[in-house]
Asker: 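My structure is below; once you've seen it, I'll send some questions.
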Amino acid sequence: MGAEGRQHNRVKINRKVVIALSNGEYVTVRACDISEGGIGVVCPYNCDVGSNFDIYFDLTGSRTSMVKVRAEVRFVNLIGTIDEYRIGMSFKRFYGNGKETLEKYLQRRGSQPSWV
């Protein structure tokens, strides 16, 4: 268990995440944290708990290392009085080398001093 009493420690990030909707459209949201098990996003859109989406994000700044993963919505919370939602998603299935890319990123972030 992580420091938060969670299975995986979360790392704060500020990255764009593209979500593929079932109707073929794409929406771009902002990730606020990530772990080996999932990702948290903040966006103006609501969705249903249990929904599954393919999501895409870049952790390294290289388009060749884009992470693509199937994710399931675990919770949706309205943020205060603004029309934004904090959505927690768990990773269900990685495509390509996405899992390895994520693990390398988290390992690198975990070895940085806490003030960085």
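The first residue of the sequence shown is numbered 1, and numbering continues consecutively from there. Hydrogens, waters and symmetry mates play no part in the numbers below; they use all other heavy atoms, side chains included. Here the structure is a predicted model, which means the values were calculated and not measured.
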Asker: With sequence neighbours excluded, tell me which residues meet side-chain contact (heavy atoms from CB on, under 4.5 Å) with Leu78.
Answerer: Tyr85
Asker: What's the shortest heavy-atom distance between Arg93 and Val69, and which atoms?
Answerer: O-CG2, 3.1 Å
Asker: Is Ile13 close to Phe57 at the side-chain level, that is, under 4.5 Å between some pair of heavy atoms?
Answerer: no
Asker: Checking side chain to side chain contact (heavy atoms under 4.5 Å, CB included) between Tyr45 and each of Val27, Leu21, Asp83, which is the one that passes?
Answerer: Val27
Asker: Within this structure, what is the CG-OG distance for the pair Asp54 and Ser22, rounded to the nearest 0.5 Å?
Answerer: 11.0 Å
Asker: Can you name the residues that form a side-chain contact (heavy atoms from CB on, under 4.5 Å) with Ser90, not counting sequence neighbours?
Answerer: Glu72, Arg74, Lys92
Asker: If every non-hydrogen atom of Val17 is compared with every non-hydrogen atom of Ala31, which pair is closest and at what distance?
Answerer: CG2-CB, 3.6 Å
Asker: What I want to find out is whether Lys12 reaches Asp33 closely enough, with some N-O distance under 4.0 Å, to be called a salt bridge.
Answerer: no
Asker: If we only count heavy atoms from C-beta on, is the Leu59 to Arg15 side-chain gap below 4.5 Å?
Answerer: yes
Asker: Other members of the hydrophobic cluster containing Val18, with the 4.5 Å side-chain heavy-atom rule, please.
Answerer: Tyr26, Tyr56, Met66
Asker: Step by step, work out the side chain to side chain contact (heavy atoms under 4.5 Å, CB included) result for Leu102 and Phe94.
Answerer: CA-CA 10 Å; Leu102 175 62; Phe94 286 89; 3.8 Å; yes
Asker: What residues form a side-chain contact (heavy atoms from CB on, under 4.5 Å) with Glu36, not counting sequence neighbours?
Answerer: His8, Leu106
Asker: Applying side chain to side chain donor-acceptor pair (under 3.5 Å), name anything that partners Arg30, two or more places apart in sequence or on another chain.
Answerer: none
Asker: Checking Tyr105 now: which residues fulfil side chain to side chain donor-acceptor pair (under 3.5 Å) with it, not counting sequence neighbours?
Answerer: Arg109
Asker: Report yes if the side chains of Arg10 and Ile34 come closer than 4.5 Å at any heavy-atom pair, otherwise no.
Answerer: no
Asker: So do Glu103 and Lys99 actually touch side chain to side chain, heavy atoms under 4.5 Å?
Answerer: yes
Asker: What is the minimum heavy-atom distance between Cys32 and Arg86, and which atoms define it?
Answerer: SG-NE, 3.6 Å
Asker: Side-chain contact, heavy-atom cut-off 4.5 Å: Val73 with Ser51?
Answerer: yes
Asker: Val29 and side chain to side chain contact (heavy atoms under 4.5 Å, CB included): which partner among Val41, Ile39, Ile55, Ile87?
Answerer: Val41
Asker: Taking the side chain as everything from C-beta on, heavy atoms only, tell me whether Val67 gets closer than 4.5 Å to Asp58.
Answerer: no
Asker: Can you check whether Asn97's main-chain N or O pairs, donor with acceptor, with Thr101's side chain at less than 3.5 Å?
Answerer: yes
Asker: Taking it one step at a time, do Tyr95 and Arg70 satisfy side chain to side chain contact (heavy atoms under 4.5 Å, CB included)?
Answerer: CA-CA 8 Å; Tyr95 301 100; Arg70 185 73 167 174; 3.8 Å; yes
Asker: Give a yes or no answer on whether the side chain of Asn77 reaches the backbone of Phe75 with a donor-acceptor pair at less than 3.5 Å.
Answerer: no
